[in-house]
Number of protein chains: 2
Amino acid sequence: MAYQSENLIAQAREIREASRVSQRALSERAGLTQSHISQIESGKMEPGLSSFIDLTRALDLEVMLVPKKLVPAVLGLVKAQATPDMHIHAGQPNDKRFARAERLVKKMKHLYGSSADLDRIEDTLRFLRRVNLRDQEMQLVRELIARLERYQASAQAAPVVRDIAQNLQRLRNSIAHPAPSEPRPAYSLDDGDADA
Amino acid sequence: MAYQSENLIAQAREIREASRVSQRALSERAGLTQSHISQIESGKMEPGLSSFIDLTRALDLEVMLVPKKLVPAVLGLVKAQATPDMHIHAGQPNDKRFARAERLVKKMKHLYGSSADLDRIEDTLRFLRRVNLRDQEMQLVRELIARLERYQASAQAAPVVRDIAQNLQRLRNSIAHPAPSEPRPAYSLDDGDADA
DNA sequence: GAATCCAATACAGTATTCTATATCACAACT
DNA sequence: AGTTGTGATATAGAATACTGTATTGGATTC
């Protein structure tokens, strides 16, 4: 099931990982079991409010209620403080990034001939561009694009390109088919979409 | 009961009352039952995280994760903007609309058994919810949902459901596989995190 | 006094969380 | 090869969230 809470949970997970706390260590501090935390983080179960609070408190976080209107302000506040030595130049808006990436792919197709992998990348980029990506997801995309740029002219570009294509597609699938729980109907093929 | 969540819940209740929204009205917008809300507010039961989020979102609030250190700052920010008379738009935000629709589908699956069409609708809704829809597109979705609500119990629901599923899927495909490269309004709502 | 709208409460049934314990596969390091 | 730490998973059972529906008593307003 696609839950409304996945953002919050993903955030908590990121912070846990960033602070190098293992699920086990956290479980002791928060008073939950490791298995429980694993299932929550992997989206296999939806925590109760109090479990979630326990979890976040153990990470030195507070759950707060903020008027929608103020969300950007708070976000700014938190972000400013959170990464004092993180040099993520927030410069380029995502949209431009995608535009550049698509141009790059086009150029590669033109130079080295088109391939199934390049086609896949192009297609997936076009898709991802339209979606609201979480920071974490955007980060992944950024990395993949950077890698593509780095290896574009390399001799062994082929396997790298394939890997990038696979990663992008995986991300895409995780967004397009976010439901891990339903008994998958037989008609749903593993990879592509049912679209036609 | 006296749990960690007492505060948050009390806060939510205060805001509900300040906005003069009855439990019943809120229950409809949040997709919970009035009885449920009453028990939550009176501390007789601890809501799940997602129930709580549904609740707060219906009150135009966001649940956010804030480093303990920054809590006073955020508190100040929120309080400064304190609500002289906050009232809630009658217009349902899209998010709520989707939540309701998904809930409806779930109910239908439960009542009449799940079908390929219902699965498809569920899947597609989950997808569309994540995407930036243009006004025109959102309008279509709204109409389709309204139709689903109207026909949910009808005798000839089946063909209607199928038609709705088809329409939704077509919309989805047009987004996932845009024919030409198209610009999109880059608009990032509430997804924020402090990245590691 | 009747009619509303409100919140609280009850109750039956289902679905899910949550605990506790254990295991597995995969790393990294000795 | 063995040890250790990681996260993912399995299973079984107790607890409880959640739905739906319905009723209650209180406060209003006509």
Side-chain angles (χ1 to χ4, degrees), chain A residues 1-6 8-10 12-59 136 170 174 179-183, chain B residues 1-6 8-10 12-56 58-59 99-100 102-114 122 152-153 196:
Chain A
M1 317 237 170
Y3 288 115
Q4 319 78 326
S5 46
E6 36 176 49
L8 287 171
I9 292 173
R13 172 178 214 160
E14 270 172 43
I15 289 172
R16 176 183 69 76
E17 287 174 344
S19 6
R20 315 251 165 144
V21 180
S22 75
Q23 290 182 345
R24 273 189 180 92
L26 181 58
S27 78
E28 282 170 19
R29 271 202 275 167
L32 312 178
T33 57
Q34 178 266 328
S35 134
H36 196 185
I37 294 179
S38 169
Q39 297 196 29
I40 290 170
E41 283 190 348
S42 61
K44 294 212 172 320
M45 107 174 13
E46 181 77 4
L49 175 58
S50 55
S51 295
F52 184 68
I53 292 178
D54 288 340
L55 223 127
T56 52
R57 290 245 170 98
L59 287 170
Q136 200 187 7
R170 203 172 315 137
S174 76
S181 76
E182 279 290 296
Chain B
M1 296 281 143
Y3 274 120
Q4 317 83 324
S5 45
E6 210 173 51
L8 288 171
I9 292 173
R13 172 177 212 159
E14 268 170 46
I15 290 173
R16 176 182 68 78
E17 286 174 345
S19 338
R20 316 241 169 135
V21 179
S22 75
Q23 290 182 346
R24 218 170 236 106
L26 182 58
S27 78
E28 280 168 21
R29 301 178 31 174
L32 312 177
T33 57
Q34 178 265 328
S35 133
H36 195 186
I37 292 180
S38 169
Q39 298 195 26
I40 290 170
E41 283 189 349
S42 63
K44 293 210 173 322
M45 109 175 10
E46 191 78 8
L49 176 58
S50 58
S51 294
F52 185 67
I53 292 178
D54 286 341
L55 215 105
T56 53
L59 288 168
R100 263 188 60 139
E102 285 178 27
R103 181 163 225 100
L104 170 62
V105 173
K106 193 167 135 202
K107 187 178 120 200
M108 288 176 71
K109 280 172 85 167
H110 184 260
L111 275 176
Y112 312 116
S114 80
E122 196 176 29
Q152 59 173 303

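Protein chains get the first letters and strands the later ones, always in sequence-line order, with residue 1 at the start of each. Computed from a prediction, not measured in an experiment: that's the story for all the values here.
As judged by a 4.0 angstrom heavy-atom cut-off over every strand, A/Ser38 is placed among the base-contacting residues. If you check every strand for non-hydrogen atoms under 4.0 Å, B/Gln34 touches a base.
For B/Ser22, a side-chain nitrogen or oxygen approaches OP1 or OP2 of C/dC6 to under 4.0 Å. Dashed line: the shortest gap from a side-chain N or O of A/Ser42 to OP1 or OP2 of D/dA8 is not under 4.0 Å. Side-chain nitrogen and oxygen atoms of A/Ser51 include at least one within less than 4.0 Å of the OP1 or OP2 phosphate oxygen of C/dC18. For the pair A/Thr33 and C/dT21, the criterion of a side-chain N or O lying under 4.0 Å from OP1 or OP2 is not met. Within the structure, a side-chain polar atom (N or O) of B/Arg16 is placed less than 4.0 Å from OP1 or OP2 of C/dA7. Side-chain nitrogen and oxygen atoms of B/Arg20 include none within less than 4.0 Å of the OP1 or OP2 phosphate oxygen of C/dC5. Distances shorter than 4.0 Å separate none of the side-chain N or O atoms of B/Gln23 from OP1 or OP2 on C/dC6.
Between the base of D/dA10 and the side chain of A/Gln39 there is no donor-acceptor pair shorter than 3.5 Å.
Rounded to an integer number of Å, the gap from A/Ile40 CD1 to D/dA8 P is 12 Å. The CD1-P distance, from B/Ile53 to D/dA17, rounds to 17 Å in whole Å. Atom-to-atom, CD1 of A/Ile37 to C1' of C/dT17 comes out at 14 Å; the value is rounded to the nearest Å. In this structure, A/Glu46 places its CD atom 18 Å from P of C/dA15, rounding to the nearest Å. Between the P atom of D/dT6 and the CZ atom of A/Arg13 lies a distance of 14 Å, rounded to the nearest Å. What separates NZ of B/Lys44 from C1' of D/dC18 is a distance of 17 Å, to the nearest Å. Straight-line distance from the NE2 atom of B/His36 to the C1' atom of D/dT21: 15 Å, rounded to whole Å. Atoms CZ (B/Arg24) and P (C/dA8) sit 12 Å apart, rounded to a whole Å.
Note that CD of A/Glu14 and CG of A/Leu59 are 12.0 Å apart. Values are rounded to the nearest 0.5 Å. Distance check, rounded to the nearest 0.5 Å: CZ of A/Arg16 to CG of A/Leu26 gives 7.0 Å. Taken to the nearest 0.5 Å, the CD1 atom of A/Ile9 stands 6.0 Å off from the CG atom of B/Leu49.
Note on A/Arg13 versus A/Glu17: salt bridge recorded, some NZ/NE/NH1/NH2 to OD/OE distance being below 4.0 Å.
Remark: the backbone N or O of A/Ser35 is not paired with any side-chain donor or acceptor of A/Gln23 at under 3.5 angstrom. Of the possible donor and acceptor atoms, none in the side chain of A/Arg24 sits under 3.5 Å from a partner among the backbone N and O of A/Gln34. Side chain of A/Ser5 to backbone of A/Leu8: no donor-acceptor contact under 3.5 angstrom is found.
In the set D/dC18, C/dC18, D/dA22, the nucleotide with an atom closest to the side chain of A/Met45 is C/dC18.
Across its full length, the helix from C/dG1-D/dC30 to C/dT30-D/dA1 shows an angle of 30° between the axes of its 5 terminal pairs at either end, rounded to 10 degrees.
When all heavy atoms of B/Pro47 and B/Ile40 are compared, the closest pair comes out as CB-CD1, 3.6 Å.
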